[in-house]
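A short worksheet on the structure shown next.
Quick note on labels: first sequence line is chain A, next is B, and so on, each numbered from 1. All values below were derived from every heavy atom in this structure, side-chain atoms included, with hydrogens, water molecules and symmetry-related copies excluded.
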Number of protein chains: 2
Amino acid sequence: MKISGSREGTHWQSCHDCTARGFAICAALNNTELRELAQLSRHVRFESGATVFAQANIATSFFSVHKGILRIYKLLPDSRRQIVSFALPGDFLGLSTLPRHEFSADAIGRVALCQVAKESFATFSENRPRLLCRMMELAGRELARAQEHIVLLGRRSAEEKIASFLIGWRDRLNGIGRDGEILTLPMKRLDIADHLGLTIETVSRTFSKLERGGVIQIFAGGVVLLDAARVESLSAGVS
Amino acid sequence: MKISGSREGTHWQSCHDCTARGFAICAALNNTELRELAQLSRHVRFESGATVFAQANIATSFFSVHKGILRIYKLLPDSRRQIVSFALPGDFLGLSTLPRHEFSADAIGRVALCQVAKESFATFSENRPRLLCRMMELAGRELARAQEHIVLLGRRSAEEKIASFLIGWRDRLNGIGRDGEILTLPMKRLDIADHLGLTIETVSRTFSKLERGGVIQIFAGGVVLLDAARVESLSAGVS
DNA sequence: CGTTGCCTTGAAATGGATCAATTCCGGTGG
DNA sequence: CCACCGGAATTGATCCATTTCAAGGCAACG
């Protein structure tokens, strides 16, 4: 397993004006605590395509995504791949306290992460119920997303999968301040396919079909939701 | 929404010799705390098929499964159903702190649950980091299971799905003390189908195929793993 | 013993996968 | 500025695993 991240500095210079502050775990901390945690953490960067950690390896650190996007995935022995989720700024990697990584994570484009040793973090959080509650909150959200994805994979058609994915992606981008109907899709078609349980060809065909229907417009690196309401109805939303 | 559970007594008489003690959240509590929590909780029972709570309703309570099995599921508007998971004794329902239920839960056979009002529980857990950590642990496990299920739904064939399901079910039963290669499957074929993203016919056919292959033996209400190693290899396990 | 609710089995239909070319596009070098 | 190259995306033509449609079968129960 190659770890190709460059480590720079021992801790993040400016947690105060961190762009991911607010959505990350840090939101539960006051300034003093923030400074303390900063002492324990280091800031790491990874180039596009680099593997941050791999499935089944001993997990020694937690990460909080600061900038960029990662794909979180599992491989079957015969190299089939399932992308469990995409991690965005503010997402916490390693909520599960199990000793080994449950999945692999690699960078889509350049990413910047805050890394904290598991042990230090455990001691730090031990007597900070507010932080623990915040973690429960993130875990709960993560779980809700996973369950929603289970429905998508188990019971939705290809078109519904794509539509749901677009809506979900839009909502997540909104959540971190990137509003609007112009969606950047930094991941490749193959990533989308492996996320939705489809093949690259089906993803491509479905995008084309939606574009022909005037519902979306495809451009290099993304999509415009010309008719967001239509996309939502195609997604066969919850309840 | 019908709540057809009969409420009996204000709290569970004997948390000490509770059969689910040990795997439930309670494992993180000492005797004093256990007694305190018992004051806040009530013991409820539901008949087979009863709905404990439904998706999108306001969530006022947490539940810990004491006896029996529940199906945890979501419905799409057109009534397609996806069973997200089956809840066993020791499982905690409502880890997500969101105000509304993310899914519906109903009893498969008779069940007994410990119910605690969300608010009381929040105050109780607020200054008990050990309990919060225990919840994180359960949440982490739940999340890991959900992610494993995502792989199953996204990238496995019908036969692999069934085999994985049987192995997973065996392991979970082992976890609560029901060892051995004789698996009781209290849920119906339709439940299995809706859990694995298949149709009832495919489930039935695949079971039959495995039986013809001498890998399992079907009996009313369950299955015997005649060749567990074979089932494991058919499941195309992780990594 | 007839009914009712599951489960199983068979035959036909199909959505998405697979196989096989193209086309598109950003980068690179002449 | 243009030609060329390689990776990604698209498109078309089959194929096939699973669904869908349609009968039975079987055990529990009145």
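In this structure a side-chain-to-backbone donor-acceptor pair under 3.5 Å is present from B:Arg156 to B:Ser235. Within the 3.5 Å criterion, the main-chain N or O of B:Ile167 finds no donor-acceptor partner in the side chain of B:Glu232.
Put simply, CG on A:Asp191 is 10 Å from P on D:dA8, counting in whole angstrom units. At whole-Å resolution of the value, CG in B:Asp194 and P in C:dC7 are 12 Å apart. Whole-Å rounding puts the A:Phe219 CZ to C:dC25 P distance at 13 Å. One can place NZ of A:Lys188 at 11 Å from C1' of C:dG26, the figure rounded to the nearest angstrom.
Contacts of residues 199-211 of chain B with DNA chain C (heavy atom under 4.0 Å): B:Glu201, B:Ser204, B:Arg205, B:Ser208. Within residues 151-158 of chain B, the residues approached by DNA chain D to less than 4.0 Å at the level of any non-hydrogen atom are B:Ser157, B:Ala158, in residue-number order.
Counting heavy-atom neighbours within 6.0 Å of B:Ile182 CD1, excluding the residue itself, gives a total of 12 or less.
Identified under the salt bridge (Lys or Arg N to Asp or Glu O under 4.0 Å) test for residues 192-204 of chain B, with sequence neighbours left out: A:Arg155-B:Asp194, B:Arg81-B:Asp194. Among residues at least two apart or in separate chains, salt bridge (Lys or Arg N to Asp or Glu O under 4.0 Å) pairs with a member in residues 66-77 of chain B are A:Glu148-B:Lys74, B:Arg71-B:Asp106, B:Arg71-B:Asp191. Evaluation of the ring-ring contact (aromatic ring centres under 6.0 Å, His included) test over residues 189-215 of chain B, restricted to residues two or more places apart or in two chains, returns B:Phe86-B:His195, B:His149-B:His195, B:Phe165-B:His195. Evaluation of the salt bridge (Lys or Arg N to Asp or Glu O under 4.0 Å) test over residues 208-226 of chain A, restricted to residues two or more places apart or in two chains, returns A:Glu159-A:Lys209.
Backbone-only contact: A:Gly197 has heavy atoms under 4.0 Å from sugar-phosphate atoms and none from a base.
In the model, A:Ser61 has a side-chain atom that pairs as donor or acceptor with a side-chain atom of A:Gln115 under 3.5 Å.
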